[in-house]
Amino acid sequence: MVSRVIAIDGPAASGKSSVASRVADYFGIPYISTGSMYRAIAYVASGEGVDCGNASAELLKPVLSKLQMSYVATANGMQLCVNGKFPTSELRSEKVAALTSVIAAIPEVRIWLSVKQRELAGAGWIVMEGRDIGSEIFPDAAMKFYLTASPWVRAKRRMAQKGETVSGATLEEVAEAISARDRQDSQRKVSPLKIADGATVIDSSDFELDETVGVFIKLISRHRCEYRVPYADTDQMGVVYYANYLEYFERGRTEMLRSVGFSYRDMEKMGVFMPVAEATCHYYAPARYDDLLTIHSWIISARGARMVIGSEIYCGDKLLVKGSVTLGCIDGSRKLVRLPENLIKACSIYLEREEK
Ligand code: CDP
Ligand code: CDP
């Protein structure tokens, strides 16, 4: 099973919420900050007398049993609704942040929220950011990232955000509060902050926000897979046979579909077949025996019965081959039929977008 989730985990002030909301905006899909869900519990609990010194499962259980939490789609995206209200700045104070980390280590709190978080996915693609999204909540997420930055850079970013730090706090104090939270988050027994299996690590210490967002968009919108050229693919000169490039395109295509939970066999079971109707291939430089190739695949268009898939093959940074393949969708009696709706929806993340 593949969950159509773009999971972004990482430590405090690494840029998760800022990046996640802009990436979601670019792809036109919803975005959820799971940290806000933890903050909301801390905020409500603190109103009921829970603090960093006394927080326990016993005190939290009655809070959770009457807590109403949901996400509501609004003109400004998905808004967190807690007991009928839409809290925002209340969740961002340093006091709430400190209590959040403490209550987030309580298993009952995590279980309660994990059910809600899993319910939020399923309808289509979604961006979700937090600490354990790729590792615990969606180990089967289609795309996983771990966004980080040096503690010093993160402290500076927090200082620049109004209302997030105690007024008059020095950079050293903010750095210490962030480190304390990092320690608490990565050393707890349940769902500690860690790099999920298969996650791409991005260090944004030296990047402006726009640059980081650009890196994410680039990585998400194209499928990439690697292939090391075997001897069997080459001629006497050690150069890859021309015809193999089309096979490499096919390899990329198959992997791209698999990454969103589809296989040609699944489609055959649905009664549709997608043979190649047309292919183009521009050849710039040869691939050779033992080269490690990266095959990029994306969808140029998906309309009616036709899907056009773009491919580029790189060796390191060098573009070797570029092309496209048009697939026609047919049924068992070789009649053209519309591309399955669920296939288009699943692949939508790879659909080429107009430059904004
Ligand atoms: O914005 P910042 O990164 O500082 O924090 P946040 O994402 O709003 O999360 C606040 C706290 O919630 C974190 O320090 C964690 O203790 C907890 N959290 C968690 O345990 N698991 C998540 N998936 C998200 C947040
Ligand atoms: O959600 P998280 O706590 O990981 O971070 P955030 O609240 O999204 O980002 C912290 C601040 O760093 C925001 O004001 C961002 O604009 C800023 N920032 C960034 O996120 N990424 C950069 N490469 C540079 C700055």
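Index from 1, following the sequence. Whatever order the structure lists ligands and atoms in, that order sets their numbers, starting from 1.
Using a 4.0 Å cutoff on heavy atoms, S14 counts as a contact of ligand 2. Ligand 1 lies within reach of R188, whose nearest heavy atom is under 4.0 Å from it. Taking 4.0 Å as the cut-off, R92 counts as a neighbour of ligand 1 on heavy-atom distance. Using a 4.0 angstrom heavy-atom cutoff, Q117 does not count as in contact with ligand 1.
Close contacts of ligand 2 with S18, meaning ligand atoms under 4.0 Å from a residue heavy atom, involve 6 (P), 8 (O), 9 (O), 13 (C), 15 (C), 16 (O), 20 (O). Below 4.0 Å from some heavy atom of G15 lie the following atoms of ligand 2, by number and element: 2 (P), 4 (O), 5 (O), 6 (P), 8 (O), 9 (O), 20 (O). Of all atoms in ligand 2, listed by their number and element, those nearer than 4.0 Å to a heavy atom of E208 are 22 (C), 23 (N). Using a 4.0 Å cut-off to heavy atoms of F207, the atoms of ligand 2 that qualify are 22 (C), 23 (N), 24 (C). If you number the atoms of ligand 2 from 1 as listed, the ones under 4.0 Å from a heavy atom of P11 come out as 4 (O). Taking every heavy atom of T100 and a limit of under 4.0 angstrom, the matching atoms of ligand 1 come to 10 (C), 11 (C), 12 (O). Against a heavy-atom cut-off of under 4.0 Å, R181 is close to the following atoms of ligand 1: 4 (O), 5 (O), 10 (C), 11 (C), 13 (C), 14 (O). Taking every non-hydrogen atom of A104 and a distance limit under 4.0 Å, the qualifying atoms of ligand 1 come out as 16 (O), 17 (C), 20 (O).
With salt bridges taken as basic N to acidic carboxylate O contacts below 4.0 Å, one links R131 and D185. A salt bridge does not link E119 to K116: none of the charged side-chain nitrogens sits closer than 4.0 Å to a carboxylate oxygen. Salt bridge present: K66 and E48 bring a charged side-chain N and a carboxylate O closer than 4.0 Å. A salt bridge links R110 to D132: at least one charged side-chain nitrogen sits closer than 4.0 Å to a carboxylate oxygen.
For ligand 2, one of its N or O atoms has an N or O atom of A13 under 3.5 Å away. Where the criterion is an N or O separation shorter than 3.5 Å, residue side chain and backbone included, E129 fails it with respect to ligand 2. Every N/O-N/O distance between S33 and ligand 1 stays at or above 3.5 Å. Residue contacts with ligand 2: S17 is placed with a nitrogen or oxygen under 3.5 Å of a nitrogen or oxygen of the ligand (distance criterion only).
Among R110, R131, Q161, R158, the residue whose heavy atom lies closest to atom 20 (O) of ligand 1 is R110. Looking at Q184, R39, R157 and measuring to atom 5 (O) of ligand 1, the nearest heavy atom belongs to R39.
For the side-chain hydrogen bond (donor to acceptor under 3.5 Å, both in side chains) test with E312, the passing option among H296, R224, R222, H282 is R222; the others fail.
Contact annotation for D132 and ligand 1: heavy atoms of both the backbone and the side chain come within less than 4.0 Å of the ligand.
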Checking Q184 against R181 for the side-chain hydrogen bond (donor to acceptor under 3.5 Å, both in side chains) test, could you report, in this order, the C-alpha distance in whole Å, the side-chain angles of both residues, the deciding distance, and whether it holds?
CA-CA 5 Å; Q184 174 90 27; R181 205 134 67 80; over 6 Å; no
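Once rounded to the nearest 0.5 Å, the distance linking CD1 of I313 with OH of Y248 reads 7.5 Å. For the atom pair NZ of K16 and OG of S21, the computed distance is 12.5 Å after rounding to the nearest 0.5 Å.
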